Novice: 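Before we start, here is the structure in question, set down as structure tokens.
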Amino acid sequence: MHDSVAEAHAFADAAGIDHATRSRLAIVVEELVTNLYDHGELAPDEVFELELSVTADEVRLALRAPGKRFDPTSSIVQGPSQAAGAGAGLKLVKAWSTHLEHDYADGRNRLVVMLPIGGR
């Protein structure tokens, strides 16, 4: 997971994205990847794909991973962690994104998130 957050930071720096959006992007990546392990039951030896791109005013994040169906667009997320604060990260993802899409096919989750770029 650390590598994916570092990749998000490096992407944002190379694209000249402002600090606030860079921070939000890193948090969104960390939350979604964490949830793929926690709720999608992604095994430690399984590989996920992270694709980042940028338009004039948004960052597009696409994440593909094998595992159990995990749909962060639904209002209720089932999983092992029911502790206080559970679901707070997904609330941030939903609040910060202009678009959040999920599909599941052939045993793979696919998430697409669009985050607005501040100051553009």
Side-chain angles (χ1 to χ4, degrees):
M1 175 184 2
H2 174 72
D3 290 343
S4 56
V5 173
E7 183 180 337
H9 281 291
F11 172 83
D13 290 344
I17 294 171
D18 65 282
H19 181 74
T21 304
R22 176 186 186 268
S23 296
R24 284 191 302 271
L25 175 63
I27 291 167
V28 167
V29 167
E30 182 176 20
E31 288 300 327
L32 292 177
V33 170
T34 297
N35 281 294
L36 283 172
Y37 283 100
D38 291 349
H39 303 290
E41 299 178 4
L42 185 66
D45 62 339
E46 291 180 305
V47 177
F48 63 88
E49 301 168 40
L50 173 64
E51 179 184 306
L52 299 166
S53 58
V54 65
T55 67
D57 56 357
E58 290 184 309
V59 175
R60 179 183 185 273
L61 179 158
L63 189 58
R64 292 173 203 82
K68 183 176 137 185
R69 180 184 178 90
F70 165 64
D71 183 358
T73 66
S74 66
S75 58
I76 300 172
V77 175
Q78 302 295 325
S81 175
Q82 299 302 324
L90 286 179
K91 287 179 184 175
L92 286 176
V93 171
K94 290 177 181 181
W96 290 340
S97 61
T98 57
H99 177 84
L100 179 59
E101 157 189 344
H102 171 267
D103 68 34
Y104 185 79
D106 301 322
R108 295 183 64 81
N109 287 286
R110 184 182 69 85
L111 304 169
V112 176
V113 180
M114 300 294 287
L115 297 173
I117 297 173
R120 288 196 182 177

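For clarity, every value in this text was computed on a predicted model and none was experimentally measured.
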Novice: Distance from Leu42 atom CG to Leu36 atom CG, nearest 0.5 Å?
Specialist: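 CG of Leu36 is found 6.0 Å from CG of Leu42.
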Novice: Between atom CZ of Arg69 and atom CG of Asp103, what is the distance when rounded to the nearest 0.5 Å?
Specialist: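 The CZ atom of Arg69 sits 8.5 Å away from the CG atom of Asp103.
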Novice: Would Leu100 and Lys94 count as a side-chain contact (heavy atoms from CB on, under 4.5 Å) here? Give the steps.
Specialist: CA-CA 7 Å; Leu100 179 59; Lys94 290 177 181 181; 3.7 Å; yes
Novice: Grab the two heavy atoms, one from Pro116 and one from Thr98, that are nearest each other, plus how far apart they are.
Specialist: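 Nearest heavy atoms, Pro116 then Thr98: CD-CG2, 3.7 Å.
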Novice: Measure across Tyr37 and Pro44 and return the closest heavy-atom pair with its distance rounded to 0.1 Å.
Specialist: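 Residues Tyr37 and Pro44, closest heavy atoms: CE2-CA, 4.3 Å.
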Novice: Atom CZ in Arg64, atom CD in Glu49: separation rounded to 0.5 Å?
Specialist: 5.5 Å
Novice: Taking Val59 as the starting point, is it possible to reach Ile27 by hopping between hydrophobic residues whose side chains are less than 4.5 Å apart?
Specialist: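 Yes, Ile27 connects to Val59 through the hydrophobic network.
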Novice: Look at atom NE2 of His99 and say whether more than 12 heavy atoms of other residues, nucleotides or ligands are closer to it than 6.0 Å.
Specialist: yes
Novice: Between Val113, Leu50, Val112, which is the residue that forms a side chain to side chain contact (heavy atoms under 4.5 Å, CB included) with Leu63?
Specialist: Leu50
Novice: One pair to check against side-chain contact (heavy atoms from CB on, under 4.5 Å): Asn35 and Glu31. What are the steps and the verdict?
Specialist: CA-CA 6 Å; Asn35 281 294; Glu31 288 300 327; 3.9 Å; yes
Novice: Does Asp106 have more than 12 heavy atoms from other residues, nucleotides or ligands lying within 6.0 Å of its CG?
Specialist: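 Counting other residues, nucleotides and ligands, CG of Asp106 stays at 12 neighbours or fewer.
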Novice: Can you tell me how far the CG atom of Leu61 sits from the CE atom of Met114, to the nearest 0.5 Å?
Specialist: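 Reported value, rounded in 0.5 Å steps: 10.0 Å.
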Novice: When rounded to the nearest 0.5 angstrom, what is the spacing between CG in Leu90 and OG1 in Thr34?
Specialist: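 If we round to the nearest 0.5 Å, Leu90:CG and Thr34:OG1 are 10.0 Å apart.
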Novice: For Thr21, check side chain to side chain donor-acceptor pair (under 3.5 Å) against everything at least two apart and list the hits.
Specialist: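 For Thr21, the residues satisfying side chain to side chain donor-acceptor pair (under 3.5 Å) (neighbours in sequence not counted) are Asp18, Arg24.
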Novice: Who passes side chain to side chain donor-acceptor pair (under 3.5 Å) against His102, sequence neighbours left out?
Specialist: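 His102: side chain to side chain donor-acceptor pair (under 3.5 Å) contacts with Asn109.
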Novice: Please name the pair of heavy atoms, one in Ile17 and one in Phe11, separated by the smallest distance, quoted to 0.1 Å.
Specialist: CD1-CE2, 4.1 Å
Novice: Would you compute the distance between atom CZ of Arg60 and atom CG of Leu25 and round it to the nearest 0.5 angstrom?
Specialist: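 If we round to the nearest 0.5 Å, Arg60:CZ and Leu25:CG are 13.0 Å apart.
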Novice: So, for Ala26 and Ala8, which heavy atoms are closest and what is the spacing to 0.1 Å?
Specialist: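 Heavy atoms only, the tightest pair is CA-CB, 4.3 Å.
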Novice: After noting the C-alpha distance and the side-chain angles of Arg110 and Glu101, does the key distance pass the side-chain contact (heavy atoms from CB on, under 4.5 Å) rule?
Specialist: CA-CA 8 Å; Arg110 184 182 69 85; Glu101 157 189 344; 2.6 Å; yes
Novice: Where is the tightest heavy-atom contact between Leu52 and Glu7, given as atom of each residue plus distance?
Specialist: CD1-O, 4.2 Å
Novice: Is it true that Arg108 and Glu46 make a salt bridge, defined as a side-chain N closer than 4.0 Å to a carboxylate O?
Specialist: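 Between Glu46 and Arg108 there is no salt bridge, as every charged N stays at least 4.0 Å from the carboxylate O atoms.
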Novice: Ring-plane angle category for Phe70 and His39, please: parallel below 30°, perpendicular beyond 60°, tilted otherwise.
Specialist: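 Answer is parallel, since the angle falls under 30°.
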